[in-house]
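Atoms considered below: every heavy atom in the structure, side chains included; atoms not considered: hydrogens, waters and symmetry mates.
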Number of protein chains: 6
Amino acid sequence: MRINGRQQNELRPLKITPNVNKYAEGSVYIEVGDTKVLCTASVEERVPHFMKGQGRGWVTAEYSMLPRATQTRNQREAAKGKLGGRTMEIQRLIGRALRSIVDLQALGERTITVDCDVIQADGGTRTTSITGSFVALAMAMDKLAVQHKLARFPITDYLASVSVGIVGDRAVLDLNYEEDSKAKVDMNVVMTGTGEFVELQGTGEDRPFTRKELDQMLELGEQGIQQMIELQKEVLGPIALKITSGQAGAQV
Amino acid sequence: MRINGRQQNELRPLKITPNVNKYAEGSVYIEVGDTKVLCTASVEERVPHFMKGQGRGWVTAEYSMLPRATQTRNQREAAKGKLGGRTMEIQRLIGRALRSIVDLQALGERTITVDCDVIQADGGTRTTSITGSFVALAMAMDKLAVQHKLARFPITDYLASVSVGIVGDRAVLDLNYEEDSKAKVDMNVVMTGTGEFVELQGTGEDRPFTRKELDQMLELGEQGIQQMIELQKEVLGPIALKITSGQAGAQV
Amino acid sequence: MRINGRQQNELRPLKITPNVNKYAEGSVYIEVGDTKVLCTASVEERVPHFMKGQGRGWVTAEYSMLPRATQTRNQREAAKGKLGGRTMEIQRLIGRALRSIVDLQALGERTITVDCDVIQADGGTRTTSITGSFVALAMAMDKLAVQHKLARFPITDYLASVSVGIVGDRAVLDLNYEEDSKAKVDMNVVMTGTGEFVELQGTGEDRPFTRKELDQMLELGEQGIQQMIELQKEVLGPIALKITSGQAGAQV
Amino acid sequence: MRINGRQQNELRPLKITPNVNKYAEGSVYIEVGDTKVLCTASVEERVPHFMKGQGRGWVTAEYSMLPRATQTRNQREAAKGKLGGRTMEIQRLIGRALRSIVDLQALGERTITVDCDVIQADGGTRTTSITGSFVALAMAMDKLAVQHKLARFPITDYLASVSVGIVGDRAVLDLNYEEDSKAKVDMNVVMTGTGEFVELQGTGEDRPFTRKELDQMLELGEQGIQQMIELQKEVLGPIALKITSGQAGAQV
Amino acid sequence: MRINGRQQNELRPLKITPNVNKYAEGSVYIEVGDTKVLCTASVEERVPHFMKGQGRGWVTAEYSMLPRATQTRNQREAAKGKLGGRTMEIQRLIGRALRSIVDLQALGERTITVDCDVIQADGGTRTTSITGSFVALAMAMDKLAVQHKLARFPITDYLASVSVGIVGDRAVLDLNYEEDSKAKVDMNVVMTGTGEFVELQGTGEDRPFTRKELDQMLELGEQGIQQMIELQKEVLGPIALKITSGQAGAQV
Amino acid sequence: MRINGRQQNELRPLKITPNVNKYAEGSVYIEVGDTKVLCTASVEERVPHFMKGQGRGWVTAEYSMLPRATQTRNQREAAKGKLGGRTMEIQRLIGRALRSIVDLQALGERTITVDCDVIQADGGTRTTSITGSFVALAMAMDKLAVQHKLARFPITDYLASVSVGIVGDRAVLDLNYEEDSKAKVDMNVVMTGTGEFVELQGTGEDRPFTRKELDQMLELGEQGIQQMIELQKEVLGPIALKITSGQAGAQV
């Protein structure tokens, strides 16, 4: 039996609360078990220097943990004066994943920055950030669409993410912190609504892993992600209709 | 009439939710109108270098705004690689104010760091941080007391803070962002439960102010702070009994 | 009796030497007892990014202590690679105070930076910096006026600053370092020639303070500042005539 | 046909020159096509703070590109004053991969730092760094073994890495820069001598990828890595005998 | 007798290998005994801010040591987050020396950056960098000349550098690390093909030095530099003909 | 004729005022024409990490220019967040020069830091800093001697420095800013009381220089330095007797 009595292929309780910030163009508060992340999507009518004049937009992400999101307090990166390697790695991952389902041409010369601030961490903060960011991003896109600023809806597919791993020689879905800290293998899976891979990052923390174990983990990941996407659709409501998985965006 | 139809001496709706973080020794989510701050108090069994070997503890604070706490997105200080002057000024103020009502001898050689993370900003984030921090700090102190780690309760008085100002030549209490941005004079008042001043910071933003205006503002500040302290007592419940305003701490 | 045999309401010997730097548009060396600060005002024909195109000028200040201005040597902030919170707080205060008596419209699109470098510190370096900066600033303004670059004189009032405090339960004026380090309450007062407040910053270092103590301190502060302004007028000589307290600037 | 006329499953010319630095405990110059990396392993008789007193060693890696390793000159990270996200991500990956085949207990309380300096870059610098680092690390371990400082040989398996990807809808092995820049999918595979996975990092750069494409890429990666390990064995010569794939280290 | 059995006026074996980098406009690998430096010259079609619009070019240099270029590993400056004083001093010296023999007018509004990366250090890395940089720079200039981008050849003279010193009270040429670390006096000499001084930097490390010792060192330095310039001419081949020592550049 | 009507071998007016800081163990205000530098020597009873436990002391220097020491205002290095290359080069030079005439064994395990803060700059700030630092350092040494903390006086010789150069093809002594900015060659000379060289740094700014020009400059430098040392002796008074040029320190 797993901690909390979960099945091998069972997600933790998942909750996505939209519109939690009165200023942001899109925002959600996502809870996956005790992991809680605030995701806000901010639209700015300019693009980074390296994108100027191409008629295309940009989507990027930033990630941060509040100092007491974890069991012991962590020093703030602002106080240290630099971002740590882990933070940079995670925010690069979130941004890359989001861009994979955005038609930057359709977005036009504007930037959407998704901020993922971890309020409380209990494992899976990067995957939870991706799943929540997608919803905040879609809400911000919808705001632009409603203002008739877009020729077509720039989101081309759903996107969610979950962790899988090998704990005690058994593949399990959605590890919490306690499971993660004793996992032999840890893998983050990011997939689209059409069931294809956007990112795969697997690490043999304690020992290498076999091809068979990889297959088991990928299967669990796929199941978990499809459940997450179901909830995303529900939260997005009418906005969901504008997303046609794996195709050019709908007219807006 | 003021924005939102408030009276000159009327606070915005005030709400303090305790125990919002499962790891922190003390935590509250404080809402003053649309200003929302998460305050967590973290206990560490060591003191800064300059305090070592004196048998006394230390209380300090850190302050940060999430990037989209405000109308337009602000760049993270962690990304800029340094804390801004405003942030430093605020966190020095919060720490100083908290220490004024703590008996560091009674705390013993440990540090309590109170983190104030502004989730949404609508004016008065520094005063709201102080009012919320006090409750989180008292909760963390109580946790130490319950563990029999303290000889006496280290909090010697209540502490709360509010902003006052001159808007359109009239003194008003608890300015929101819109009022603050057109205020002629802006003042932050920090007071104890016994009605004495801990900090006074008044600035003639648009013009200097007279002694009479100062008196009016101080009177409003005092009224607002006493209301805030009433709510703090309610939220703290039995912990409140351990705080004997202006006296040496109760036995624990 | 106070240290040095001063009366409760007695300033330390005050001396302002103008024109101490051959390059700066305005410069003074100000001595308040053993506290010695070099203030230079530099004019640049441009404004910061956030002020561009508004037809208005900018006044800002920087503050620094030489490493051996104090009893023990302090590490340079340039060597540490960042400004400390105290430095930022002080230079923000000086800049804000100076801007309160400057008509930025009259200054036109140029920046005056006042550098306050503490050569020797014996308490009250921030208040001494403000008092000296005012004179250096007025001299730089006069240089612009003489060059017919200004339509009216941009300084609208005098400005000086002094510290007051509670030492041994008695309110005293202009604390030196020894008094400051044992003060129960410490307050910095910035006032105009018309006797109004520009900044008030009071801190209960050792204990909170009552309304009555506040009144006593404000009275001492007002007396000290008016004496300082008398000396400023003397040092400025004919330039003083261009400053009409609390009114629009004189024709130039 | 691929650029350079290579087969889909064909590595670029691979060359590993050992002992290229007269100071380092282990060193190789590895060339994979036009990608050239200098790997040096340095032994220090201490461990990082967080490892002290556990009787275990540490292996870490640093990665850097010379400014003109690439087609256009890049600014040095030392001049920028901070490491970029890409650099941190890569050096974390190299260190993690190396540690996966090291018995840190057997190493004892010492640190081996492997520096990977890219002299010329033509795609696959991170995978080439891992393949070269392994040899430099094994040489440094052997030096310790020869000095009778180790109870058993701390390397538990071989380790090499290669990139695979989808270029023009076809899976290919070992992409050079030109292929990499137009690849639809890019994946880095790190495997052991026993054919198990240590790290898998796949990214849909241009589009997501299917399970079938993943399988094709993994197969190519495995083939390439086994060829690389053959060359590592040849270069290591007698040292290779001390590495018993997937088992506790040999007696030394 | 000297270490390695060299004569007082004998250089270490000197080797310059051109064209070692497939991207750089000019590149050499220079070996002076066991000191090995990679020098690449990169052309960019822009000049620094302070040079804009003057119709003149800029030549600058950067210097860095790989972490294990030395007997014990040095921390990377990129990891420390700043350049050390020694690095800045050296790269300023190299840039200044190179500019002394470049006609910046003839170069036109472009920048050449010469990167000197020390692969292995055994004394004399700054002088070796200058000698190698000259060749890389001349090669880059030739590439511009061949592309008909220059009206005349911008290099006005040869340039090389060597160290001299007093070891055991005797003047010696081209000190290796072991000699350098026990030298009483250390001097770096940079000279042109016409035998004039570009830079002289002498330091009494262990004791001051007399005028007579200075004369002996300068004589040795001159001899060494002329030998180095002979080799530079040989390596440059036909490019050498474009450099007319001490005169305006040849037509190109 | 030179600017200011000086002879080729004529120093600018030189003035050294001792004891200008009430805290520092040694301090002087040195004026060489319009170049004005405050030098303070601070004693600390500890040595840097790399010197611990050797029974020897350390002497180091820091150099900084006030922002308006120059014709146009310079940004503070503390505000930029790092020391520039020029600053580092200069403070390394001053420290090295001072250590050349200090018997670190005689100093014992303590550090003297000499701070050179340029109040006003008109050429020759680094040489002026060295000449002034020597006096401040000797005063601090004397304070230690008087406290019976030293077995022998640690200063082994006098030390002063001056700039020389080629202006308009003529060698001149002690260049001011205007001469310096049009000098063809610029050289800084540091010499001892016994007339030997401690540092020589010559740069062909505009063109290389011949051996004959070098000889002329060295002669001028020697003359200037001997005059400076005469003034140092006068200022030091009885302390001067403790310095026996070029010999082991006198008994104290």
Side-chain angles (χ1 to χ4, degrees), chain D residues 19-29 31 33-46 60-84 87-88 91 111-122 136 140 176-177, chain E residues 19-29 31 33-46 60-84 87-88 91 111-122 136 140 176-177:
Chain D
N19 293 314
V20 293
N21 176 299
K22 80 172 198 177
Y23 305 119
E25 284 72 24
S27 66
V28 307
Y29 188 58
E31 297 164 83
D34 279 339
T35 291
K36 300 174 183 192
V37 183
L38 178 61
C39 304
T40 56
S42 298
V43 178
E44 287 165 301
E45 293 292 326
R46 55 190 170 76
T60 187
E62 297 196 2
Y63 168 97
S64 180
M65 288 218 289
L66 294 198
R68 198 58 196 276
T70 47
Q71 287 187 308
T72 55
R73 186 178 183 274
N74 289 298
Q75 203 193 344
R76 288 174 194 267
E77 292 180 321
K80 288 188 210 171
K82 60 178 175 182
L83 297 176
T87 294
M88 288 219 230
Q91 62 193 22
T111 298
I112 302 186
T113 304
V114 183
D115 286 290
C116 300
D117 286 274
V118 179
I119 303 298
Q120 192 172 275
D122 188 28
N176 70 5
Y177 177 75
Chain E
N19 293 314
V20 294
N21 176 299
K22 80 174 198 175
Y23 305 118
E25 284 72 25
S27 66
V28 307
Y29 188 58
E31 297 164 82
D34 279 339
T35 291
K36 301 175 183 191
V37 183
L38 178 61
C39 304
T40 57
S42 297
V43 178
E44 286 164 302
E45 293 293 325
R46 54 188 171 77
T60 187
E62 296 196 3
Y63 168 97
S64 179
M65 289 218 288
L66 294 198
R68 197 56 196 275
T70 46
Q71 287 187 307
T72 55
R73 187 179 182 273
N74 288 298
Q75 204 193 345
R76 289 174 193 268
E77 291 180 323
K80 288 187 209 170
K82 60 178 176 182
L83 296 175
T87 293
M88 289 220 229
Q91 60 192 23
T111 298
I112 303 186
T113 303
V114 183
D115 286 289
C116 301
D117 287 274
V118 179
I119 302 298
Q120 193 172 274
D122 188 28
N176 70 6
Y177 177 75

*With a 4.5 angstrom heavy-atom cut-off, could you sort out which part of Ser27(E) is near chain D: side chain, backbone, both or neither?*
neither
_Does any backbone or side-chain atom of Gln91(E) lie under 4.5 Å from a heavy atom of chain D? Answer side chain, backbone, both or neither._
neither
_Using side-chain contact (heavy atoms from CB on, under 4.5 Å), reason through Leu66(D) and Asp115(E) one step at a time and then give a plain yes or no._
CA-CA 9 Å; Leu66(D) 294 198; Asp115(E) 286 289; over 6 Å; no
_Top contributor to chain D contacts, counting heavy-atom pairs under 4.5 Å, from Thr40(E), Val43(E), Thr113(E), Thr87(E)_ = Thr113(E)
*asked:* Looking only at heavy atoms and a cut-off of under 4.5 Å, which of Met88(E), Gln71(E), Lys80(E), Glu77(E) has the most pairs with chain D?
replied: Gln71(E)
Under 4.5 Å heavy-atom distance to chain E, tell me which part of [X] shows up: side chain, backbone, both or neither.
| X | value |
| --- | --- |
| Asp122(D) | both |
| Leu38(D) | side chain |
| Thr72(D) | neither |
| Gln75(D) | neither |

Which heavy-atom pair separates [X] from [Y] by the least distance, and what is that distance?
| X | Y | value |
| --- | --- | --- |
| Ala78(D) | Leu83(E) | CB-CD2, 3.7 Å |
| Val20(E) | Gln120(D) | O-OE1, 4.1 Å |
| Arg68(E) | Asn21(D) | O-ND2, 3.0 Å |

*Taking everything shown except Tyr23(E) itself, do over 12 heavy atoms lie less than 6.0 Å from its OH?*
yes
_Checking Arg73(E) against Glu62(D) for the side-chain contact (heavy atoms from CB on, under 4.5 Å) test, could you report, in this order, the C-alpha distance in whole Å, the side-chain angles of both residues, the deciding distance, and whether it holds?_
CA-CA 12 Å; Arg73(E) 187 179 182 273; Glu62(D) 297 196 2; 3.2 Å; yes
*Of all residues at least two apart in sequence or in a different chain, which pass the salt bridge (charged side-chain N to carboxylate O under 4.0 Å, His left out) check with Asp117(D)?*
Arg76(E)
*Can you name the side-chain hydrogen bond (donor to acceptor under 3.5 Å, both in side chains) partners of Asn19(D), sequence neighbours left out?*
none
